[in-house]
Q: 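I am attaching a structure below and will ask some questions about it afterwards.
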Amino acid sequence: MPFTYSRTVRFQDTDAAGVVYFANVLAMCHEAYEASLAASGINLNAFFCYPRIAIPITHATVDFMRPSFCGDEQKIYVTPKKLKDSEFEIEYEVFTVERVGKEIPEIQETCVARAFTKHVCIDSAQRVRSPLPLEVMKWLSQWSREGEKVFDDLETLL
């Protein structure tokens with residue numbers, strides 16, 4: 001089950017045409033990624049600030065379906081997937097949430113962008129690949145579509 005992150009598009013997210021600037025979509029996705037880590041109990045300061053193990057992004061891609069504008073309510077669905085013992089990818093689906101209908105309002109979600117980031121775990125000092133830490137395996141298990149598969153791998157680590 002993916003992690004769901006809600007946010008409002010801010011003026012600072014947009015360009016001169018009033019549309020969300022393309023690079024800011026990745027910033028929004030990273031914001032959702034950080035929120036998913038925190039929701040799993042990961043201390044963000046310890047995770048990102050000079051850790052012994054680092055998990056940099058090695059690839060990112062975004063496909064845009066529709067424009068987003070200042071004031072739009074959004075939901076970003078974060079779905080990680082383990083690829084190898086030292087790497088994972090995250091799929092982000094960015095939706096605009098609208099209320100439609102006057103008498104009986106209904107919530108409608110429209111996909112505006114889909115993004116992917118690939119992450120590789122490394123030993124910060126030696127700059128070589130390292131197995132994913134236990135806390136990341138737990139995070140993968142919590143939000144991955146294959147949570148059960150990741151959980152089996154997690155049990156072998158314990």
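Reckoned from all heavy atoms, side chains included, excluding hydrogens, waters and symmetry mates.
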Q: For the pair Arg114 and Glu93, evaluate salt bridge (Lys or Arg N to Asp or Glu O under 4.0 Å) and give the outcome as yes or no after the intermediate values.
A: CA-CA 5 Å; Arg114 185 169 286 119; Glu93 294 178 297; 3.1 Å; yes
Q: Linking I/L/V/M/F/W/Y whenever any side-chain heavy atoms sit under 4.5 Å apart, do Met65 and Val9 land together?
A: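 In one cluster: no.
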Q: For residues Val20 and Phe22: do they belong to one hydrophobic cluster (side chain heavy atoms under 4.5 Å, members Ile, Leu, Val, Met, Phe, Trp, Tyr)?
A: yes
Q: Would you please name every residue forming a ring pair (Phe, Tyr, Trp, His ring centres under 6.0 Å) with Phe48, sequence neighbours left out?
A: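 In terms of ring pair (Phe, Tyr, Trp, His ring centres under 6.0 Å), with neighbours along the sequence ignored, Phe48 is linked to His30.
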Q: Is there a side-chain contact (heavy atoms from CB on, under 4.5 Å) between Leu37 and Leu44? Walk through the geometry before answering.
A: CA-CA 7 Å; Leu37 292 171; Leu44 296 181; 3.8 Å; yes
Q: Salt bridge (charged side-chain N to carboxylate O under 4.0 Å, His left out): which pairs involve residues 8-32, sequence neighbours left out?
A: Arg7-Asp13, Arg7-Glu31
Q: Do Gln142 and Ser40 meet the criterion of a side-chain donor-acceptor pair at a distance under 3.5 Å?
A: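 There is such a pair (donor and acceptor under 3.5 Å, judged by atom type) between the side chains of Gln142 and Ser40.
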Q: Shared ILVMFWY cluster between Val62 and Val78, side chains joined below 4.5 angstrom?
A: yes
Q: Show your reasoning for whether side-chain contact (heavy atoms from CB on, under 4.5 Å) applies to Val120 and Ile55.
A: CA-CA 5 Å; Val120 176; Ile55 306 178; over 6 Å; no
Q: Rounded to the nearest 0.5 Å, what separates atom CD in Glu135 from atom CD1 in Ile53?
A: 10.5 Å
Q: Let me confirm one number: the CG-CD1 distance from Leu26 to Ile57, rounded to the nearest 0.5 Å.
A: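 These two atoms lie 7.5 Å from each other.
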Q: Only one of Phe116, Tyr5, Tyr33 forms a side chain to side chain contact (heavy atoms under 4.5 Å, CB included) with Tyr92, so which one is it?
A: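 When side chain to side chain contact (heavy atoms under 4.5 Å, CB included) is applied between Tyr92 and each of Phe116, Tyr5, Tyr33, only Tyr33 qualifies.
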Q: Nearest 0.5 Å please: distance from the CG atom of Leu134 over to the OG atom of Ser141.
A: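 Separation between the atoms: 10.0 Å.
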Q: Would you list the pairs meeting salt bridge (charged side-chain N to carboxylate O under 4.0 Å, His left out) in which at least one residue belongs to residues 119-134, sequence neighbours left out?
A: Glu87-Arg129
Q: Give me each pair satisfying salt bridge (charged side-chain N to carboxylate O under 4.0 Å, His left out) with a member in residues 48-73, each pair once, sequence neighbours excluded.
A: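 Passing the test, one end in residues 48-73: no pairs.
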Q: When you compare the side chain of Ser144 with that of Lys82, does any pair of heavy atoms fall below 4.5 Å?
A: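 Counting from C-beta outward, Lys82 and Ser144 never come under 4.5 Å.
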Q: Which residue pairs satisfy the ring pair (Phe, Tyr, Trp, His ring centres under 6.0 Å) criterion with at least one member in residues 51-77, sequence neighbours excluded?
A: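 Qualifying pairs, neighbours excluded: Tyr77-Phe95.
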Q: What I'd like to find out is whether the side chain of Cys121 reaches to under 4.5 Å of the side chain of Pro133, using heavy atoms alone.
A: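 The answer is yes; the side chains approach within 4.5 Å.
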Q: Taking Asn24 for its side chain and Ala27 for its backbone only, find out whether a donor-acceptor pair lies under 3.5 Å.
A: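 No, because the side chain of Asn24 does not come within donor-acceptor range (under 3.5 Å) of the backbone of Ala27.
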Q: What about Ile42 and Ile90, same hydrophobic cluster or not, with Ile/Leu/Val/Met/Phe/Trp/Tyr joined at side-chain heavy-atom distances under 4.5 Å?
A: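 Yes; Ile90 is reachable from Ile42 via cluster members.
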Q: Which atoms form the tightest heavy-atom contact between Val94 and Gln74, and what is the distance?
A: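 Scanning both residues completely, I find the closest heavy atoms to be CG1-NE2, 3.7 Å.
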Q: Return the set of residues passing side-chain contact (heavy atoms from CB on, under 4.5 Å) with Ser6 (not counting sequence neighbours), or none when no residue passes.
A: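 Applying side-chain contact (heavy atoms from CB on, under 4.5 Å) to Ser6 gives Lys75.
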Q: Under 6.0 Å between ring centres: does that hold for Phe3 and Trp139?
A: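 No; Trp139 has its ring centre 6.0 Å or more from that of Phe3.
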Q: Working to the nearest 0.5 Å, report the span between CH2 of Trp143 and CE of Met1.
A: 8.0 Å
Q: Over all heavy atoms of both residues, which pair between Ser124 and Pro51 is shortest? Give the atoms and the distance, please.
A: OG-O, 3.0 Å
Q: Rounded to the nearest 0.5 Å, what's the gap from OG1 on Thr79 to CG on Leu140? Could you check?
A: 11.5 Å
Q: Could you check Val97 against Ile107 for side-chain contact (heavy atoms from CB on, under 4.5 Å), going step by step and ending with a plain yes or no?
A: CA-CA 7 Å; Val97 180; Ile107 298 194; 3.5 Å; yes
Q: Report the distance from atom SG of Cys29 to atom CD of Glu91, rounding to the nearest 0.5 Å.
A: 10.5 Å
